[in-house]
Engineer: 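There's a structure below that I have some questions on.
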Amino acid sequence: LLQFQHTLLNTGNGPDSYTISATQDLNWSITVVPTTTAVLSRGTYQTIQVSVQVPLGTTSLMTNRIILRATSKFAPGLSEEVVDIVGGVGEIPGRFHYRYMPIQTR
């Protein structure tokens with residue numbers, strides 16, 4: 001089980017809450033907590049936790065790109081994304097190594 005934490009900061013002009021959703025390239029078990037934030041005042045933040053269950057039999061050649069999206073409830077047309085990449089690296093037979101690379105987009 002891999003766990004990642006992200007910080008969602010309200011940089012808007014006033015209070016807002018957000019819906020958090022996740023998509024991925026592979027069909028691994030992913031849990032996001034919370035999926036809806038509390039109302040955040042401007043300049044305040046909430047921690048989002050993503051848990052990823054890497055299936056048995058996953059090889060070092062597999063890579064899963066997980067896209068986490070926060071969508072404003074006040075203005076549903078506004079959203080931000082972060083991408084977590086989990087994959088194998090290295091050439092050690094029988095061992096799976098994790099590569100975690102958060103990528104922010106605006």
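This structure is a prediction, so every number in the text was calculated from the model and none was measured. All residue numbers in this chain count up from 1 along the given sequence.
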Engineer: Distance from L1 atom CG to T31 atom OG1, nearest 0.5 Å?
Structural biologist: 8.0 Å
Engineer: Check L9, I20, T37 against Q46 for a side-chain contact (heavy atoms from CB on, under 4.5 Å) and give me the one that passes.
Structural biologist: T37
Engineer: Rounded to the nearest 0.5 Å, what separation is found between the CD atom of Q53 and the CG atom of L2?
Structural biologist: 8.5 Å
Engineer: S17 and A38: which non-hydrogen atoms are nearest, and at how many Å?
Structural biologist: CB-O, 3.6 Å
Engineer: To the nearest 0.5 Å, tell me how far T19 OG1 sits from R69 CZ.
Structural biologist: 11.5 Å
Engineer: Taking all non-hydrogen atoms of both residues, which atom of P15 and which atom of V39 are closest, and how far apart?
Structural biologist: CB-CG1, 3.8 Å
Engineer: Identify the residue among V86, I48, V82 that makes a side-chain contact (heavy atoms from CB on, under 4.5 Å) with F4.
Structural biologist: V86
Engineer: Is any side-chain heavy atom of T36 closer than 4.5 Å to a side-chain heavy atom of K73?
Structural biologist: yes
Engineer: R65 and I85: which non-hydrogen atoms are nearest, and at how many Å?
Structural biologist: CG-CG1, 4.3 Å
Engineer: Just how far is it from atom CD1 of I30 to atom CG of N64, taken to the nearest 0.5 Å?
Structural biologist: 6.0 Å
Engineer: Would you give the length of the straight line joining atom CD of E81 to atom CD1 of I66, rounded to the nearest 0.5 angstrom?
Structural biologist: 13.5 Å
Engineer: Rounded to the nearest 0.5 Å, what's the gap from CG on D25 to CD1 on I67? Could you check?
Structural biologist: 6.5 Å
Engineer: Got a donor-acceptor contact below 3.5 angstrom from the D16 side chain to the S72 backbone?
Structural biologist: no
Engineer: Locate the shortest heavy-atom distance separating A22 from V32; write the atom from each residue and the value.
Structural biologist: CB-CG2, 3.9 Å
Engineer: Would you name the heavy atoms of Y45 and T7 that are closest together and state the gap between them?
Structural biologist: CD1-CG2, 3.5 Å
Engineer: Does the side chain of V52 come within less than 4.5 Å of Q24's, by heavy atoms?
Structural biologist: no
Engineer: Considering all heavy atoms of both residues, which atom of P76 and which atom of T71 are nearest to each other, and what is their separation?
Structural biologist: O-CG2, 3.4 Å
